[in-house]
**Student:** 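Could you have a look at this structure, given as structure tokens, before my questions?
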Amino acid sequence: MSEFINENPDILDENLLPSRKEEEGDAFQDEALNTVNLLRRKRLLKIHQTTACKVYRNVELIDRLKAQEMALDQVPDLTASETEESDEGEPEDPIDAQEIYDMIAHISDPEHPLTLGQLAVVNLPDIEVSESNDKSKISEVLVKITPTITHCSLATLIGLGIRVRLERSLPSRYRITILLKEGSHQSENQVNKQLNDKERVAAACENDQLLGVVSKMLSTCK
Amino acid sequence: MSIKLLKSLKLHKDKLWSVDCSKGLMATASSDRKIKLVNLKNLDFQLVEELDDSTHKKSVRSVSFRPHSSILAAGSFDSTISIWGKDEEASIEDGYQETELLAIIEGHENEVKGVAWSHSGYFLASCSRDKSVWIWEADEMGEEYECLSVLQEHSQDVKHVVWHPAMHLLASSSYDDTVRLWKEDADDWECAAVLNGHEGTVWCSDFEKSESSLRLVSCSDDTTVRVWKYEEEDENGEDIWTLESVLPSVHSRAVYAVSWSPDGYIASVGSDGQIVIYTEDESGKWKVIAKQHEAHSVFEINTVQWTRVGDTNLLITGGDDGCANIWFFIP
Amino acid sequence: MSHSYSSQNLRADVVSIIANVESDEAKALELSKKVALKVSEGQLKLVELVICLREYITSPEQIERQHALHCLSTILGELPKHTLLKNDVSVILDFYLGKFDDIYCMKETLYGLSHIVNMKCFYSNQVSSVLKPLKDDYQSTQYLAATRYYAFLVLQHLLEKFRESMSTNLPLNNLFIETFLSIAGGEKDPRNLLISFHLNSAISSALENISQYKEDLFDTLFCYFPITFKPPKNDPYRITNIDLKVALRSAISASPYFEEDAFGNLIDKMTASSPSVKNDTLLTMKACIERFGGEACIKNWVPIWNALKFEIMNNVDADESVTESNEPEFNNYEESLRIITSISAQLLNLKEGAFDKFQSHIFDELEPNFKYEKDLKQSSAILAAVARTNVTSFNKVMDDVLKLFFDNVSDLDVNKLKLLILNLSFFFDAYIEVFSPYSNKAQNKAVPDNKLAQYKDQILMILSKSLKGSSKSEVSLRTLSVVQLTKLVKMPGFLSGEEVSLIVQYLTETILTDDNKNVYFACLEGLKVTSDVSENSVVEISLNQMLKHLEKEGTHTVVLGEEEAVPVERILKVILDFTTSRHKLVVESIIGISNIICHFSKYVEEKEYCFMLVSCLYSLFDNNQEVLTNDVASHLKKSIETELLASSKNVAIYSDDHNLHLISAVFYFLNVNAPQANHQIELDRFLVLFTEDTKVLKSPARSVIIFAKLLSAFDKACKIPGGLLLNESIRLLKVQHEKCSEFEKLAYLELLAVLSNKWCTEDNVNANLDISNTALIDLEIEAWCTKGLAMKNSKLAETYTDKFVKLLGDADIGPASAKLFGVFVMDIPTLDRIKGISWNNNVRLLYKQKLFSDVAPKLVSGYSATSDMSLKANYLLALSLLLKNTPNKITINYIPNLLSLLLQAVQLNNSDVRVSALTTIRGTVNQASQLITEHIHSLIPLLMRLTNPDKHNAYLVRLTALEILRDFTDHVPLNYLLPYKDDIIKGLAVALDDKKRRVRKTCIDTRQAYFELGQVPFE
């Protein structure tokens, strides 16, 4: 029973952290899907929770066979070498705050065996994404972090970990700004200045020992 | 008036930090620890040489050519400065000869962030995260270096150093939000002035190329570009510099580099991926005459340099995409 | 001297025994047996044997002496115990005792003695003559383990044989003990220790005058404590660490005489830091307590209690240690509590007064903790440990504790409430331990009234308050209270029927309205547990309530008592989750939902609602096969089949592909599980219904799908005109296929597969097909018939697959026939095998194996035969469709030949082909990476390209390509992969901007794997 109970109020229960509802979208990947079927697949998932069940296989098979049956006499050109941009049919999942959160919430704190999410160092409401829908334009991400204590000596290291994780995880069109939450730290300004100095960050990433610590922090990311 | 992309050279696998041009040759420095030389003569843009990349153990941050020679200085995050050159006698015509490593200068405690040769070629200045600016005296061959002075007035990293095109006057930009000017006094170097005003790291500065007036342009994390003017020397020998103007604000993020062209244009680039060119219509009044968005697609731009090849003015920029872009500017 | 066995014979045997002692033991033994037999048959006198051996036994060569003596000893061992008479024994005994001075032969000597003492005519008055030399002339330290072993063996035999006479003869008794002590000292060999421990405990528990020797006996034991031993490889005696630990433990706890020494020393050992030592100590202590009895406990419980208290209180995060890391083989926290329980048990057996002292002492020490709320968890655990001993102790403890808990239960804040419930839970567990004997219905003794019962109402009040009264965000509190409510249900005789129903009501409302996972699963568990205790209450309250919701109106969300909207999906999910394999619940839900379907199927606008209901109904069958016995099936058939069959004609079902398909599957389940005896009758009934009444084989009818499913359900042994049906269906398809919808067409094709699999001979099928036909419809018909045949490994199938392979080379119909390769191996539920049912169809386990191994090579050769890329494409498509439905473990063996095709296939402009090729490659990477390693230089660039947006890089293509790249980091040797590290990291930057979140996610993980590739882990 102990796993249900968390006698230390400062630590959030892993499975209470903000998370995206079941990624339904993932399940439906065959072309044979019209909107009605899509709705039904979603319903099935709600009821059965998994696409691995027989009934889902059944429904999938019916749709697939029908599609195949319709396409049977068409002769597609399988070999032409031209490639086109992916068809617009595929709906786009925009990068949002939750996605950023998922990237960094599982980074583990350098001194506790806990994640930044559990320690509420990173919080969903403190993440802003300004997404310019045109991928040839620059977009911005702002993350405000809250160190566990206002004199936390590791604030910079934690910030660095977050920046490295984001720089590795986000497309290059993103400009990343990482700030300490107002009033959350004694030397707020110094830390902020360091975290957002690209030259210093670049140098830090060439320091093997530091990089070692960081990749240890990142090793818990999922 | 417009900026036209003449050529985009994908030279490096990682950030391109710095470019410098001399005698029709362009040198580039990058996080991929490589230094590359590109021929600009008659807009050929061929890669002519790639310097031995085992020399530096970390990013090469800054490159600078010694005037009237083919000697090149490169500062690296590995805290050393490398000096490169080739036999002056033989000229390009009779075959190209390898550039060789002439010297490695050690002294800085950690990352070297800027190197610059004086117009005379006597002095080499370098700056580092260790908060100091060093002034070296070099021999004719560029093989012997003697440290003349270690200037430690900056309270934080020194990001960039630049010499006046005609005087032995040095400007250093720093993480402490100031620019400091240094000049030779008797046989020592001293701080001639401190330029306060920027509200963030000063990334870079450049002198006006003119005999008539003495001015400096600086750019900063605070997204502004500022022009400073020398007024006079006060009774106790201190130079007095004043902020002449803050250029029209165009950049939305940190401005990483500025360059002042011989014919009076100022170009600035930065994190927002823009190239901005300003001109002075009446003294002290600047306006924007050209802008280029996504000049390195979605990447940040780290450096900008005016240069003259034959009788064409070129603008060269370098960005995180590892490219050196060469622009044609029609006034 | 008897003739049959001359002295020559004897000499010969003896010589050869001696010769073989070392070289060939078996031979030596066999001969010894032979000689022994002669002796026992009286053909040979022992004396003769000894005489015959004399010269060797007295030989100056010690080897000869040893062998000779070994020979004699072995023969003695082979003699039946009664053979030697008094004289022989005493002669031979004296002879052996005489050998004691020959230290080189000590092993053989003791070996012999160990046999002699077992002789019938070896008497108690001779025992001391053996013991004395052992005690005085034998220096155990001089000899090897093997020798020392026999010394122990001698003692063991003596003790087994003369236990009584020793205990009546004190000098002998003492002599024996002293002898043991002298030979046992300083022993190190595991085998000898084992026997020594056994002897020790036998002595201390069976012999007299132990008190005089107890220290020595105990020391010869405890000097080994805690014993650990790593068995060497190929240890002939197979002695384990546990054997020794247990032997030592039971020896230490063997006799109450050890009491002071044992407890004293063990308590010291409690301070050990090593958990394993501590564990051994605790287990031994427990053994001692249980063996030494109450008196001993009275003397010692104070120091023991203090030691245990320290252990328990300082046990960091109490029981988490277990739940978290799955194999901390020692749970010393639990062991310590167990000991407390055994102490109270011992004291109670002795006299209640003793127990009361113990209990009140503990209680007084712990009481303050409850005031100051420190170490509450541990304190409650300890008291619960005392309580769980038996009814008496339980009530005594409850008397003290419950007051503490329920003094001020008003206005508790959430954390206090949590604590209270958490602490109570320990006593619920104790209750279950104490009263479970009363639970089994067999002899339903009423549970004796108990103190906890008096607080039942308060407990229920608190738990229900913290469940119903708390906000949904109080997950841990709500979960906790659900878990405890469930526990109450488990507590025998604690709750009344009404109270159980009330809890079921709570759980039902919660599970339907609370979105949190923990709470949901806690409730689910609760309902399951309850349905074990009283399934009816769950059916009547939970299930019926949910069914009522479903009956309300259609797809629109229904409303619960407290005005909370519950989506239908949720209700159905719960029904599926909590019915699992619970007989009554399953049956009731099936019937309930079927009725609701019958009702709503009439309204066209309820298609979606019906879809949800039907899919749920399907899963109720599918999930609960083991419940669907013959009787259940026929019961269900009776109660729902007719109605369902009727409503399958209703618009919301009949006109909807999914609904009709799924409901026909329900008929399949109903009949496949029905008693085989009735199959023929049922089958005939349906034949009439479909072929004569509704005439599905005359003109296209959607309901043929039901017919097909039914046919697949019945016993294949049933009689039906297979050939005819096949012929009619084929004709219908040929003539009327334009009129058919895709759905109908497929239904008829499925029917063909079933018929040709179950009810047609190869000739039937052949007769109805014309291999020369190449019209599309003919190909389809053949493909599906071939499927039915292939599944039973019919030879004929091969003929047709060959035809299809040939057609791939044909520009016009090549593409179509390529697509049909999917049909052969595609799994269609209609021909699934159901566990435990063998008679409904002819699906051979390995048919895919056979088909693949037959077709794949032909595809390869066909592929390489043509140079026309568009034809090559046909072979690749066909191959990919086979791969897609053939398990990796089958295809893996063919990979070496297929790899080049796969590399081509992933470049075809067809996402499906790319996906199935990639999937195969991925399987190979994970199961036989060595096949891939050599190709990564060509694979990596390909895969990189497949991660980019492109018309034919569908979601799954991009995803799988990324996954393969990631899997490389686990399976491809570093030196192969490192050169690509940087390019891969750079190249994957594109996919970081993919349209699909999951692709981006996978890309991030993959890049992360490469960032860490070859990086020295930092500690």
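Lettering of chains follows the sequences in order, A, B, ..., and the numbering in each one begins at 1.
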**Student:** Scan C:L662, C:T830, C:I828 and name whichever one has a side chain to side chain contact (heavy atoms under 4.5 Å, CB included) with A:N58.
**Tutor:** C:L662

**Student:** Side chain, backbone, both or neither: which part of A:L170 has a non-hydrogen atom closer than 4.5 Å to chain C?
**Tutor:** backbone

**Student:** Is it true that a side-chain atom of A:K135 and a backbone atom of C:D993 form a donor plus acceptor pair closer than 3.5 Å?
**Tutor:** yes

**Student:** Which atoms of A:S172 are under 4.5 Å from chain C, going by heavy atoms: the side chain, the backbone, both sets, or neither?
**Tutor:**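 Neither part, no heavy atoms under 4.5 Å.
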
**Student:** Please examine the side chains of A:Q68 and C:L881, heavy atoms only from C-beta on, and report whether any two atoms are closer than 4.5 Å.
**Tutor:** no

**Student:** I need the residue from C:D1005, C:V614, C:D657 with the largest number of non-hydrogen atom pairs under 4.5 Å to chain A.
**Tutor:**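 Most pairs with chain A among the choices: C:D657.
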
**Student:** Using 4.0 Å as the upper bound for N to carboxylate O, is an ion pair formed by A:D96 and C:R997?
**Tutor:** yes

**Student:** For the residue pair C:R1000 and A:D93, establish whether any side-chain heavy-atom pair is separated by less than 4.5 Å.
**Tutor:** yes

**Student:** Is there side-chain contact between A:L218 and C:F1011, with at least one heavy-atom pair below 4.5 Å?
**Tutor:** no

**Student:** What residue in A:C53, A:C221, A:P94 has the most heavy-atom pairs under 4.5 Å with chain C?
**Tutor:**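 If we count pairs closer than 4.5 Å to chain C, A:P94 comes out on top.
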
**Student:** Please classify the contact of C:D827 with chain A as side chain, backbone, both or neither, using a heavy-atom distance under 4.5 Å.
**Tutor:**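 Both backbone and side chain.
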
**Student:** Does CD in A:E128 sit with more than 12 non-hydrogen atoms of other residues, nucleotides or ligands closer than 6.0 Å?
**Tutor:**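 12 or below, so no.
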
**Student:** Quick one: CG on A:L72 to CD on C:E780, what's the gap to the nearest 0.5 Å?
**Tutor:** 5.0 Å

**Student:** Minimum heavy-atom separation for A:S215 to C:E1012, with atom names?
**Tutor:**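 Smallest interatomic distance, heavy atoms only, reads O-OE2, 4.1 Å.
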
**Student:** Would you compute the distance between atom CG of C:N623 and atom NZ of A:K54 and round it to the nearest 0.5 angstrom?
**Tutor:**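 Going from the CG atom of C:N623 to the NZ atom of A:K54 covers 9.5 Å.
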
**Student:** Does A:R43 reach the main-chain N or O of C:E608 with its side chain, forming a donor-acceptor pair under 3.5 Å?
**Tutor:**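 Checked: no pair found.
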
**Student:** Drop me the distance from A:Q49's CD to C:E569's CD, to the nearest 0.5 angstrom.
**Tutor:** 11.0 Å

**Student:** Does any backbone or side-chain atom of C:L746 lie under 4.5 Å from a heavy atom of chain A? Answer side chain, backbone, both or neither.
**Tutor:** side chain

**Student:** If I take atom SG from residue C:C1003 and atom CZ from residue A:R168, how far apart are they, to the nearest 0.5 angstrom?
**Tutor:**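 Here the rounded value is 13.0 Å.
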
**Student:** At what distance, to the nearest 0.5 angstrom, does CG of A:L44 lie from CZ of C:F611?
**Tutor:** 4.0 Å

**Student:** Heavy atoms, side chains only, cut-off 4.5 Å: are C:P829 and A:L61 in contact?
**Tutor:**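 C:P829 vs A:L61: side chains touch.
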
**Student:** Should the pair A:R57-C:D622 be classified as a salt bridge under the 4.0 Å nitrogen-to-oxygen rule?
**Tutor:**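 No, no charged N to carboxylate O under 4.0 Å.
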
**Student:** Keeping A:K46 on the side-chain end and C:P567 on the backbone end, is there a donor-acceptor pair under 3.5 Å?
**Tutor:** no

**Student:** Calculate, to the nearest 0.5 Å, the distance between atoms NE2 and OH belonging to A:H48 and C:Y618 respectively.
**Tutor:** 9.5 Å

**Student:** Under the criterion side chain to side chain donor-acceptor pair (under 3.5 Å), I'd like the reasoning laid out for A:D63 against C:H658: C-alpha separation, chi angles, the key distance, then a yes or no.
**Tutor:** CA-CA 9 Å; A:D63 299 342; C:H658 292 141; 2.6 Å; yes

**Student:** Which residue out of C:L876, C:N948, C:D832 racks up the most heavy-atom pairs below 4.5 Å with chain A?
**Tutor:** C:D832

**Student:** Relative to chain A, which of C:K872, C:R570, C:M826 shows the most heavy atom pairs under 4.5 Å?
**Tutor:** C:M826

